[in-house]
K.L.:
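One structure coming up, written as structure tokens, with questions to follow.
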Amino acid sequence: MIENILVVDDEQAITDLIEIYLKNENYKVTKFYNAQDALKYIEIEKVDLAILDVMLPDMNGFALCRRIRENYHFPVIMLTAKDEETDKITGLTMGADDYMTKPFRPLEMVARVKAQLRRYKKYQTMPTPDEAVISYSGLVMDVNTHECWLNGQPLSLTPTEFSILRVLCENKGKVISSEQLFHAVWGNEYYNKNNNTITVHIRHLREKMNDSVDQPKWIRTIWGVGYKIEK
């Protein structure tokens with residue numbers, strides 16, 4: 001089945017450029033120039049991945065991403081006009097899985113789309129019954145439905161957060177480096193040691209799990225090495 005990529009940007013030249021490169025890779029591309037039309041489309045059509053510009057005429061891309069995350073789990077890539085750390089962190093906080101800074105290289109965009117779709121499909125694959133539910137000391141993760149509970153209470157996680165927590169739980173007692181986590185979630189995409197994406201996602205996981213760096217109940221930081229969940 002051909003994946004449907006939603007592109008929301010009020011600059012037609014940008015959406016047309018993305019469309020050309022993604023169609024060359026046999027993706028279906030659906031373009032919108034404002035957030036409201038995109039939201040209406042998502043309600044009636046299946047979307048496999050969304051590329052959202054931060055600056056939109058009716059609603060900023062962060063708010064649009066937050067609205068999407070209320071009901072949908074497909075990957076979201078944010079486009080930012082300036083290379084500012086606050087924009088990147090805000091996007092990840094709203095539930096985005098990745099971000100790119102304009103102007104971007106079209107081939108890098110294609111590579112990031114492919115990496116996100118590979119990750120998403122990998123964790124949507126139906127596991128065997130023994131693998132379908134991960135349970136550990138009050139934490140329960142249903143891999144089939146991407147639902148998570150902590151001490152009986154539902155835990156709302158983005159797809160990336162779910163994937164990171166799943167990797168850590170599947171490797172209980174082992175220290176997993178940021179690079180290993182990055183490749184487990186994003187596949188073979190190039191890893192930059194200065195990239196703080198994993199750090200940001202770990203921080204959000206801790207906030208949602210009411211965990212702390214100094215006295216961790218779940219995710220322990222092994223300084224200079226990586227992260228682990230104790231056995």
K.L.:
Roughly how far, to the nearest 0.5 Å, is the CD1 atom of Ile198 from the CZ atom of Arg203?
P.N.:
13.0 Å
K.L.:
Looking only at heavy atoms, what is the nearest atom pair of Ser135 and Val140, with distance?
P.N.:
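Minimum heavy-atom contact is OG-CG2, 4.0 Å.
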K.L.:
Could you give the distance from CG (Leu64) to CG (Leu39), rounded to the nearest 0.5 Å?
P.N.:
5.0 Å
K.L.:
Do Arg166 and Cys169 have side chains that get closer than 4.5 Å, going by heavy atoms?
P.N.:
no
K.L.:
Looking at residues at least two apart in the chain, or sitting in another chain, which of them share a salt bridge (charged side-chain N to carboxylate O under 4.0 Å, His left out) with Asp211?
P.N.:
none
K.L.:
Is any side-chain heavy atom of Val133 closer than 4.5 Å to one of Met141?
P.N.:
no
K.L.:
Side-chain heavy atoms nearer than 4.5 Å, only ILVMFWY residues, links allowed to pass through others: does that put Ile2 and Met109 together?
P.N.:
no
K.L.:
Any side-chain heavy atom of Ile222 within less than 4.5 Å of one from Lys228?
P.N.:
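Touching, per the 4.5 Å side-chain cut-off.
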K.L.:
Rounded to the nearest 0.5 Å, how far apart are CG of Asn60 and CE of Met55?
P.N.:
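One finds 8.0 Å between CG of Asn60 and CE of Met55.
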K.L.:
Under the salt bridge (charged side-chain N to carboxylate O under 4.0 Å, His left out) test, which residues partner Lys114, sequence neighbours left out?
P.N.:
Glu25
K.L.:
Do Tyr33 and Thr15 come within less than 4.5 Å of each other through their side chains, counting heavy atoms only?
P.N.:
yes
K.L.:
Please name the residue in the list Val110, Asp9, Leu79 that meets the side chain to side chain contact (heavy atoms under 4.5 Å, CB included) test with Ile18.
P.N.:
Leu79
K.L.:
Would the distance check show the side chain of Gln153 and the main-chain N or O of Leu150 forming a donor-acceptor pair, the cut-off being under 3.5 Å?
P.N.:
no
K.L.:
With a 4.0 Å cut-off on N to O distance, would you call Lys102 and Asp53 a salt bridge?
P.N.:
yes
K.L.:
Does some side-chain heavy atom of Leu49 sit less than 4.5 Å from a side-chain heavy atom of Glu3?
P.N.:
no
K.L.:
What's the verdict on side-chain hydrogen bond (donor to acceptor under 3.5 Å, both in side chains) for Asn4 and Tyr41, showing C-alpha distance, side-chain angles and the deciding distance?
P.N.:
CA-CA 12 Å; Asn4 183 19; Tyr41 178 80; 2.9 Å; yes
K.L.:
For side chain to side chain contact (heavy atoms under 4.5 Å, CB included), just list the numbers for Arg206 and Ser212, CA-CA rounded to whole Å, side-chain angles, deciding distance to a tenth of an Å, and then say yes or no.
P.N.:
CA-CA 6 Å; Arg206 283 180 170 138; Ser212 70; over 6 Å; no
K.L.:
For Cys65 and Met78, work out which heavy atoms get closest and say how close.
P.N.:
CB-SD, 4.2 Å
K.L.:
Salt bridge or not for Lys31 and Asp16, using N-O below 4.0 Å?
P.N.:
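Looking at Asp16 together with Lys31, the answer is yes, because their closest N to O distance falls below 4.0 Å.
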K.L.:
Might you work through the side chain to side chain contact (heavy atoms under 4.5 Å, CB included) test for Gln116 and Arg112, ending with a clear yes or no?
P.N.:
CA-CA 6 Å; Gln116 286 297 329; Arg112 287 175 181 262; 5.6 Å; no
K.L.:
Let me confirm one number: the CG-CD distance from Asn24 to Glu19, rounded to the nearest 0.5 Å.
P.N.:
10.5 Å
K.L.:
Answer yes or no: is there a side-chain heavy-atom contact under 4.5 Å between Met100 and Thr80?
P.N.:
no
K.L.:
Before giving the answer on side chain to side chain contact (heavy atoms under 4.5 Å, CB included), spell out for Arg105 and Tyr21 the whole-Å C-alpha distance, their side-chain angles and the decisive distance to 0.1 Å.
P.N.:
CA-CA 11 Å; Arg105 295 188 298 273; Tyr21 277 84; over 6 Å; no
K.L.:
Just by modelled atom types, is the Asn34 backbone N or O under 3.5 Å from a matching donor or acceptor in the Asp58 side chain?
P.N.:
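Judged by distance alone, no pair lies under 3.5 Å.
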K.L.:
Using a 3.5 Å distance criterion without hydrogens, assess whether the side chain of Asn171 forms a donor-acceptor pair with backbone atoms of Lys174.
P.N.:
no
K.L.:
List the steps, then state whether side chain to side chain contact (heavy atoms under 4.5 Å, CB included) holds for Cys148 with Leu165.
P.N.:
CA-CA 10 Å; Cys148 187; Leu165 187 57; 4.3 Å; yes
K.L.:
For Arg69, give me all partners under salt bridge (charged side-chain N to carboxylate O under 4.0 Å, His left out), at least two apart in sequence or on another chain.
P.N.:
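Listed in chain order: Asp97.
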K.L.:
Could you check whether Glu70 pairs with Arg66 (Lys NZ or Arg NE/NH1/NH2 to Asp/Glu carboxylate O, under 4.0 Å)?
P.N.:
no
K.L.:
Within the 4.5 Å heavy-atom criterion, are Val7 and Phe32 side-chain neighbours or not?
P.N.:
no
K.L.:
Got a second to check how far Tyr227's OH is from Ser178's OG, nearest 0.5 Å?
P.N.:
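With rounding to 0.5 Å, OH (Tyr227) is 4.5 Å from OG (Ser178).
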K.L.:
Do Ile68 and Phe74 make a side-chain contact, defined as non-hydrogen atoms from C-beta onward lying under 4.5 Å apart?
P.N.:
yes
K.L.:
Testing the basics here: between Ala35 and Leu56, what is the closest heavy-atom pair and its distance to 0.1 Å?
P.N.:
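So the two residues come closest at CB-CD1, 4.2 Å.
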K.L.:
Just verifying a value: how many Å separate Lys46 NZ and Leu6 CG, rounded to the nearest 0.5 Å?
P.N.:
12.5 Å
K.L.:
Mind checking whether His73 and His146 have parallel, tilted or perpendicular rings, split at 30° and 60°?
P.N.:
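Geometry flag for His146 against His73: tilted rings.
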K.L.:
Keeping the roles fixed (side chain from Glu45, backbone from Ile42), state whether a donor-acceptor pair exists under 3.5 Å.
P.N.:
no
